Participant: 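For reference, the structure I am asking about is given below.
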Amino acid sequence: MKLASLNDGSRYGRLVVVSQDLRRAKFVGILAPNLPAAMDDWDTVAPLLHMIYHELNQGPISGSFELMLSQCIAPMTQPFEHFHAFNYRPYLKLLEHLSETTLTDLPPIISMPSQILIGAHEDLHIATTAALDFSAQISVITGPIASGESAAGCLDFIRLISLQNQYYNPVLLAKELTLGWGIRQGMMRTVSAPILVTPDELGEFWHEGIMSLPIITKFNGKPFAALNPKQDTINHFGELLAKVVEFSPLSAGAMMSAGPIMNQSQLTGPANLWSRAMTSKGEDKTTEYLKGDDKIEMYVQDSAGRNLFGGIKQYIRFSD
């Protein structure tokens with residue numbers, strides 16, 4: 001099943017079920033006016049949403065309409081709880097070198113500050129900074145998870161999967177990791193692709209809590225990377241969630257993000273601009289970070305070549 005939130009001026013937008021080819025959608029306000037409402041009553045609402053999804057895939061149905069992805073906001077605009085795991089060993093090794101801190105023994109999981117996630121087709125308006133980078137990541141949205149739930153049990157509570165782009169400052173991030181007081185300035189803004197998918201939508205490409213379809217990244221219109229989220233991970237999402245709920249529960253609508261995705265193989269491309277500079281063969285490790293009017297694109301294709309999450313296409317707009 002695929003879901004999205006359309007911009008209606010409200011905080012969470014209007015929930016719609018989206019056809020598999022992303023061409024048509026249907027409002028489901030009678031069942032749930034927005035995604036947080038659906039998450040609160042998921043066991044009742046989800047089977048009915050699946051029925052609508054099945055009907056949409058058969059052809060136009062009463063009340064359906066042509067979907068314009070540019071009208072979608074981030075499908076979960078403000079998660080009730082949001083955690084971020086640095087879960088890729090090659091990237092952690094780079095961070096260790098920069099921060100002079102051992103990180104790979106126990107992947108850092110940080111609690112993200114409450115913020116509104118940005119839509120995939122909105123320009124990123126942000127204050128000018130000397131070091132702004134991007135990173136592809138996969139996130140999951142969960143149902144309520146009790147304290148002490150096992151890793152295998154946590155997998156059963158993953159409701160939806162999201163493609164995201166995390167903008168961050170690697171220099172500030174390394175300093176904050178060294179201080180150990182938490183992350184506030186290093187992680188800047190999170191962008192979400194317009195479409196959320198249920199795990200069953202990925203079929204064989206969702207296995208043991210990890211997606212194996214490559215994330216295609218383009219930088220200023222040119223191919224940059226084709227990252228495999230399954231390779232070089234330290235923990236799967238069930239294990240990450242189990243760490244978070246070891247002593248306290250999670251509420252419905254909680255989000256766990258994992259990234260920056262980085263593979264050991266150079267064939268898949270770098271994780272971002274900073275990792276490209278750090279892994280270059282030359283002696284010059286100077287990073288050329290994002291500049292005004294740079295364009296970032298990210299998307300994932302399913303086994304039939306369809307755009308799975310709707311994709312991200314965004315321009316950087318610096319302000320003084």
Side-chain angles (χ1 to χ4, degrees), residues 1-18 22 25 27-29 31-43 45-46 49-50 53 67 69-85 110-122 124 135-145 154 157-167 187-202 206 211 215 229 237 240-241 244 249-259 298-300 308-312 314:
M1 178 171 63
K2 297 184 177 182
L3 302 175
S5 298
L6 262 61
N7 189 0
D8 65 350
S10 68
R11 183 178 185 180
Y12 298 119
R14 294 181 67 184
L15 180 65
V16 294
V17 176
V18 180
L22 309 187
F27 290 115
V28 291
L31 299 175
N34 52 50
L35 186 59
M39 299 305 300
D40 283 341
D41 196 22
W42 186 258
D43 289 341
V45 171
L49 298 180
H50 271 284
Y53 179 65
L67 179 65
L69 291 176
S70 59
Q71 297 176 346
C72 296
I73 58 176
M76 176 63 86
T77 54
Q78 190 170 19
F80 298 142
E81 298 175 273
H82 188 186
F83 298 90
H84 187 284
I110 63 175
S111 180
M112 296 287 285
S114 178
Q115 59 176 252
I116 303 296
L117 273 61
I118 303 173
H121 297 277
E122 302 176 39
L124 177 71
S135 62
Q137 62 187 30
I138 293 295
S139 297
V140 297
I141 301 172
T142 77
I145 306 178
C154 286
F157 290 95
I158 293 175
R159 306 297 191 221
L160 296 161
I161 303 165
S162 174
L163 168 66
Q164 295 181 344
N165 178 18
Q166 177 67 53
Y167 289 102
M187 307 287 277
M188 292 183 156
R189 300 302 302 272
T190 306
V191 180
S192 180
I195 306 298
L196 297 173
V197 304
T198 48
D200 61 288
E201 191 71 18
L202 296 178
W206 178 259
M211 186 187 80
I215 300 174
F237 273 107
L240 295 174
L241 291 167
V244 171
L250 280 181
S251 59
M255 179 179 288
M256 170 65 77
S257 302
M298 294 179 183
Y299 62 92
V300 176
L308 188 61
F309 297 97
I312 294 170
Q314 196 159 53

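For the numbers below, each heavy atom of this structure counts, side chains included, while hydrogens, waters and symmetry mates do not. Source: prediction; values computed, not measured.
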Participant: Got a second to check how far Met188's CE is from Gln115's CD, nearest 0.5 Å?
Facilitator: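 Separation between the atoms: 11.0 Å.
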Participant: Return the minimal non-hydrogen interatomic distance between Ile215 and Ala136, and the atom names on each side.
Facilitator: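 Residues Ile215 and Ala136, closest heavy atoms: CG2-CB, 4.0 Å.
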Participant: Which residue is it: Leu163, Leu308, Leu69, Leu160? I am looking for the one with a side chain to side chain contact (heavy atoms under 4.5 Å, CB included) to Ile195.
Facilitator: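 Only one option passes, and that is Leu69.
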Participant: From Asp8 CG over to Ile73 CD1, what is the distance, rounded to the nearest 0.5 angstrom?
Facilitator: 7.0 Å
Participant: What are the two closest heavy atoms between Tyr53 and Lys2, and how far apart are they?
Facilitator: CE1-N, 3.7 Å
Participant: Looking at CD1 of Ile312 and CD of Glu122, how far apart are the two atoms once the value is rounded to the nearest 0.5 Å?
Facilitator: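 That separation rounds to 11.5 Å.
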Participant: Kindly compute the distance separating CZ (Phe80) from CG (Leu250), expressed to the nearest 0.5 Å.
Facilitator: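 Result: 13.0 Å between the selected atoms.
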Participant: If you apply the rule side-chain contact (heavy atoms from CB on, under 4.5 Å), what do you find for Val140 with Leu240, and how did you get there?
Facilitator: CA-CA 11 Å; Val140 297; Leu240 295 174; over 6 Å; no
Participant: If every non-hydrogen atom of Ala4 is compared with every non-hydrogen atom of Cys72, which pair is closest and at what distance?
Facilitator: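 The answer is CB-SG, 4.1 Å.
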Participant: Can you find a heavy atom in the side chain of Trp206 that is under 4.5 Å from one in the side chain of Ile161?
Facilitator: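 With C-beta onward as the side chain, the pair touches.
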Participant: What distance do Gln71 atom CD and Asn7 atom CG have between them, rounded to the nearest 0.5 Å?
Facilitator: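 One finds 8.5 Å between CD of Gln71 and CG of Asn7.
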Participant: Looking at Ser251, is its backbone amide N or carbonyl O close enough to the side chain of Glu81 to form a donor-acceptor pair, meaning the two atoms are under 3.5 Å apart?
Facilitator: yes
Participant: Any non-hydrogen side-chain atom of Leu3 less than 4.5 Å from a side-chain atom of Pro75?
Facilitator: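 A side-chain contact is absent here, since even the closest heavy-atom pair is not under 4.5 Å.
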Participant: With sequence neighbours left out, write down each residue that passes ring-ring contact (aromatic ring centres under 6.0 Å, His included) with Tyr12, or none if nothing qualifies.
Facilitator: none
Participant: Main chain of Ser135, side chain of Asn165: is a donor-acceptor contact present, judged purely on distance under 3.5 Å?
Facilitator: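 A pair under 3.5 Å: yes.
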Participant: To the nearest 0.5 angstrom, please state how far the CG atom of Leu117 sits from the CE atom of Met76.
Facilitator: 9.5 Å
Participant: Should Val197 and Met211 be marked as a side-chain contact (heavy atoms from CB on, under 4.5 Å) after you check the CA-CA gap, both sets of side-chain angles, and the distance that decides it?
Facilitator: CA-CA 12 Å; Val197 304; Met211 186 187 80; over 6 Å; no
Participant: Answer with yes or no whether the side chains of Ser139 and Ser162 bring together a donor and an acceptor at under 3.5 Å.
Facilitator: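 No donor-acceptor contact under 3.5 Å links the two side chains.
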Participant: Under the side chain to side chain contact (heavy atoms under 4.5 Å, CB included) rule, collect the residues that match up with Pro33, sequence neighbours excluded.
Facilitator: Ala37
Participant: Answer yes or no: is there a donor N or O on one side and an acceptor on the other, between the side chain of Ser5 and the main chain of Gly13, under 3.5 Å?
Facilitator: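 Flag not set: sc Ser5 to bb Gly13 has no pair under 3.5 Å.
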Participant: Compare every heavy atom of His82 with every heavy atom of Thr190, then report the nearest pair and how far apart it is.
Facilitator: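 For Thr190 versus His82, the nearest heavy atoms are OG1-CE1, 4.4 Å.
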Participant: Would you confirm whether Gln164, through its side chain, and Ser192, through its main-chain N or O, come within 3.5 Å as a donor-acceptor pair?
Facilitator: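 No, the answer is negative, given that no donor and acceptor are paired below the 3.5 Å cut-off.
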Participant: Which pair of non-hydrogen atoms, one from Phe237 and one from Met256, has the smallest distance, and what is that distance?
Facilitator: CE2-O, 3.5 Å
Participant: What is the minimum heavy-atom distance between Arg11 and Thr77, and which atoms define it?
Facilitator: O-OG1, 3.0 Å
Participant: Counting C-beta onward and ignoring hydrogens, is there a side-chain heavy-atom pair between Leu196 and Leu35 closer than 4.5 Å?
Facilitator: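 Yes, side chains in contact.
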Participant: Have Gln166 and His84 got a donor and an acceptor in their side chains that come within less than 3.5 Å?
Facilitator: no
Participant: Can you tell me which residue among Val28, Val45, Leu31 is in a side chain to side chain contact (heavy atoms under 4.5 Å, CB included) with Leu15?
Facilitator: Val28
Participant: Take Phe157 and Leu241 through the test side-chain contact (heavy atoms from CB on, under 4.5 Å) and record every step on the way to the result.
Facilitator: CA-CA 10 Å; Phe157 290 95; Leu241 291 167; over 6 Å; no
